[in-house]
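All remarks here apply to the structure that follows.
Numbering starts at 1 and runs along the sequence shown. If you're wondering where the values come from, they're calculated on a predicted model, not measured in any experiment.
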Amino acid sequence: MKFSRRKLLNRLGLTATAPLLAGLGNRIIGEALGAPSNDRCAIIVVVGECFPLSQPYGLVPAGIEPGGKDKWDPKDQVIDALPSMFGGLQPFASRTVVVDGLRMNVGTGTLHGTGFGCLTGFRPEGLTPEGGGTPVSVSLDQFVAEEIGKATPLKSVHFGFEGGMAETSATTFSAGYQRAIPHIGSPRLLHGRLFAGAGGDAQTLKAQGPLLDSMRTQIKSLQAELAGFEKQRLDVYLAAVDDFDRRQARLRELSSQSGCEAPLPAEALGNAVQRLDAMFDMATLAVKCGITNVVGVAVGSGFGHDDLQAFAGVLADPTFGGHSKPDVYFPGMNAIVSYLSGKVAGLIQGGGRAERTTAMFVAASGSADGNHHSNVERVPAVVYDGTGTLKTGSRYLRFAKNTRSVVDFYSSVAHAMGRPTADFGKGSLHKVEGPIASLMA
């Protein structure tokens with residue numbers, strides 16, 4: 001069956017303010033015509049503060065010596081189970097690798113965070129012991145989005161929040177020199193960004209419901225004209241939209257109660273987990289329907305303990321946010337990362353592209369045991385790779401001290417995410433050697 005792209009788009013009733021159905025329409029057209037597309041998906045999660053090492057709460061799998069703060073032995077072995085911090089990814093363990101011991105060189109003076117240095121490898125201008133500063137280079141998410149995000153309605157989507165759960169924060173992602181990219185902390189704003197056009201203003205949000213209802217009716221009318229495979233794909237997308245509507249009923253109810261003339265009060269948006277639940281749901285639909293191929297999540301990634309206060313009393317001990325004692329901090333960080341790993345697993349599964357998705361977690365401030373402060377000489381990361389580009393296989397890989405850098409690790413991950421490179425981080429303080437051979441399949 002042959003399709004006219006113009007006719008199909010017209011029949012869908014697509015407009016510039018409907019990225020949901022634009023992404024859906026573009027994908028259906030491509031599949032109907034048999035056109036090749038770069039359909040890989042990249043998920044990048046940055047978590048603030050440092051990851052504990054020792055079990056039962058830490059990064060290093062049970063049965064493996066975590067190593068000291070200043071010295072650790074290299075390891076490369078298959079593990080029985082992922083550490084509890086990443087238990088949410090256990091269903092994907094066979095495609096996951098835990099990486100330990102990466103060097104983050106952004107110069108001296110850091111304590112609680114590397115700010116924009118985390119995903120760029122470059123020392124931010126104005127970096128302080130508490131993070132901050134301004135970016136001087138492109139972050140990994142934007143680097144891969146230049147390739148796999150160029151054909152989607154939205155090149156990339158960023159959400160999360162810092163300690164105050166502000167509606168937007170700019171601490172982590174960047175498109176280049178002094179080009180910080182904010183991540184959204186408000187379900188209302190993210191809803192507008194994804195499903196009501198770029199503005200997401202009150203009037204657009206108010207009009208969006210009837211608009212999408214009308215478009216849903218029009219796109220359903222196409223089902224009689226589509227052949228078997230295309231019709232099945234369309235049914236999947238429509239089911240995803242309907243499921244999302246059900247999940248977001250409470251958010252729409254709150255929006256209606258608050259009125260369209262003023263933003264929702266922060267308390268009406270819920271606690272940290274409720275906010276993230278809603279935003280992960282939106283991101284899952286955005287990936288499934290072709291709105292974006294790149295998702296960035298940042299939680300407490302810019303500064304220190306107080307940025308994680310949002311989880312105190314929700315997932316962590318009520319004193320967690322401002323407390324440095326290991327018996328409070330370690331289980332608190334474990335609970336936060338475990339929660340996020342479960343949400344990412346849901347995004348991988350719900351996005352419908354598990355075999356084309358690469359998801360990475362990285363700690364903004366390194367790892368620690370016995371000392372809650374940063375150690376950016378030992379940065380941990382966890383990677384799920386469904387593409388087969390990386391050597392995963394339920395594996396724990398620990399590098400000897402000062403032997404491999406985060407920028408070379410990012411080059412490796414970039415290959416899996418669909419943007420091969422040998423010199424990510426070139427010009428930074430790191431020695432750039434290219435992809436890490438022991439990580440490549």
**Q.** Residues S405 and N105: side-chain donor-acceptor under 3.5 angstrom
**A.** no
**Q.** Residue pairs involving residues 54-65 (criterion side chain to side chain donor-acceptor pair (under 3.5 Å); sequence neighbours excluded)
**A.** S54-D369
Q: Return the minimal non-hydrogen interatomic distance between P435 and M440, and the atom names on each side.
A: CB-SD, 4.1 Å
Q: Taking the side chain as every heavy atom from C-beta outward, state whether F409 and V379 have any atom pair closer than 4.5 Å.
A: no
Q | Separation between OG1 of T168 and CD of E162, rounded to the nearest 0.5 Å | A | 10.5 Å
**Q.** Side-chain (S186) to main-chain (L189) donor-acceptor, under 3.5 angstrom
**A.** yes
Q) Backbone N or O of P56 within a donor-acceptor pair of the S84 side chain at under 3.5 Å? A) yes
(Q) So, using side-chain contact (heavy atoms from CB on, under 4.5 Å) as the criterion, who are the partners of A400 when residues are at least two apart? (A) P74, T403
Q | Partner set under side chain to side chain donor-acceptor pair (under 3.5 Å) for D76, not counting sequence neighbours | A | R395
Q. Which heavy-atom pair separates A416 from R40 by the least distance, and what is that distance?
A. O-NH1, 2.7 Å
Q | side chain to side chain donor-acceptor pair (under 3.5 Å): pairs with one or both residues in residues 408-419, sequence neighbours excluded | A | R404-D408
(Q) Pair L429, V106 - check side-chain contact (heavy atoms from CB on, under 4.5 Å), show working. (A) CA-CA 7 Å; L429 296 174; V106 293; 5.7 Å; no
Q: Taking all heavy atoms of V295 and all of L347, pick out the closest pair and write down the distance.
A: CG1-CD1, 4.4 Å
**Q.** M333 side chain reached by L308 side chain, heavy atoms, under 4.5 Å
**A.** yes
Q.
Less than 4.5 Å apart, side chain to side chain, heavy atoms only: is that true for P124 and P135?
A. no
Q. How about M282 and R193: do any of their side-chain heavy atoms sit closer than 4.5 Å?
A. no
Q: Please report the closest heavy-atom contact between A368 and C50, naming both atoms and the distance.
A: CB-SG, 3.7 Å
Ignoring hydrogens and angles, write down the donor-acceptor pairs under 3.5 Å from the side chains of residues 86-97, residues two or more places apart or on other chains.
| residue | atom | partner | partner atom | Å |
| --- | --- | --- | --- | --- |
| Q90 | OE1 | L82 | N | 2.9 |
| T96 | OG1 | F92 | O | 2.8 |

Q: Could you please spell out the steps behind the side-chain contact (heavy atoms from CB on, under 4.5 Å) verdict for Y329 and E49?
A: CA-CA 10 Å; Y329 175 79; E49 267 294 285; 3.3 Å; yes
Q. With sequence neighbours excluded, what pairs up with P380 under the side-chain contact (heavy atoms from CB on, under 4.5 Å) test?
A. F51, L59, A363, S367
Q: Work out which heavy atom in P83 is nearest to a heavy atom in V98; give both atom names and the distance.
A: CD-CG2, 4.0 Å
**Q.** Pairs meeting criterion ring-ring contact (aromatic ring centres under 6.0 Å, His included) with involvement of residues 158-181, two or more places apart
**A.** H158-F173, F159-F280, F173-H183
Q | Main-chain N/O of G296 paired with D141 side-chain donor or acceptor, under 3.5 Å | A | no
Q: Measure the spacing between SG of C118 and CE of M104 and express it to the nearest 0.5 Å.
A: 4.5 Å
Q: Verify, without hydrogens or angle tests, whether S174 (side chain) and S137 (backbone) share a donor-acceptor contact under 3.5 angstrom.
A: yes
Q. Who pairs with K426 by side-chain contact (heavy atoms from CB on, under 4.5 Å), at least two apart in sequence or on another chain?
A. D423
Q) Any side-chain heavy atom of T120 within less than 4.5 Å of one from V136? A) no
Q: Give the C-alpha distance, both sets of side-chain angles, the deciding distance and a yes or no for side-chain contact (heavy atoms from CB on, under 4.5 Å) between K343 and V45.
A: CA-CA 11 Å; K343 300 307 292 186; V45 182; over 6 Å; no
Q.
With heavy-atom distances below 4.5 Å as the criterion, would you say the side chains of D277 and Y339 are in contact?
A. yes
Q.
Would you say CD of E125 has more than 12 non-hydrogen atoms from neighbouring residues, nucleotides or ligands within 6.0 angstrom?
A. yes
Q.
The test is side-chain contact (heavy atoms from CB on, under 4.5 Å); show your working for E146 and V138 and say whether it passes.
A. CA-CA 11 Å; E146 287 293 336; V138 64; over 6 Å; no
Q) How far does OG1 of T392 sit from OH of Y384, to the nearest 0.5 angstrom? A) 9.0 Å
Q | Spatial distance of atom CD1 (I43) from atom OG1 (T357) [nearest 0.5 Å] | A | 5.5 Å
Q | Beyond-backbone contact of W72 with D100, side-chain heavy atoms, under 4.5 angstrom | A | no
Q: Could you tell me which residues satisfy side chain to side chain donor-acceptor pair (under 3.5 Å) with K75, sequence neighbours excluded, listed by chain and number?
A: none
Q: To the nearest 0.5 Å, tell me how far M165 CE sits from F311 CZ.
A: 8.5 Å
Q.
Could you work out, with side-chain contact (heavy atoms from CB on, under 4.5 Å) as the rule, every residue matching A414, not counting sequence neighbours?
A. L140, F143, V144, T421
**Q.** Heavy-atom closest contact (G290 atom, P153 atom, distance)
**A.** O-CD, 3.2 Å
Q: Using a 4.5 Å cut-off on heavy atoms from C-beta on, say whether the side chain of V157 contacts that of L190.
A: yes
Q) Quick one: CD on Q77 to CG on L397, what's the gap to the nearest 0.5 Å? A) 10.5 Å
**Q.** Pairs touching residues 428-441 that satisfy side chain to side chain donor-acceptor pair (under 3.5 Å), sequence neighbours left out
**A.** S428-H430
Q: Tell me, please, which residues at least two apart from D385 pass side chain to side chain donor-acceptor pair (under 3.5 Å).
A: T358, T387
**Q.** Side-chain donor or acceptor of R353 paired with backbone N/O of V287 under 3.5 Å
**A.** yes
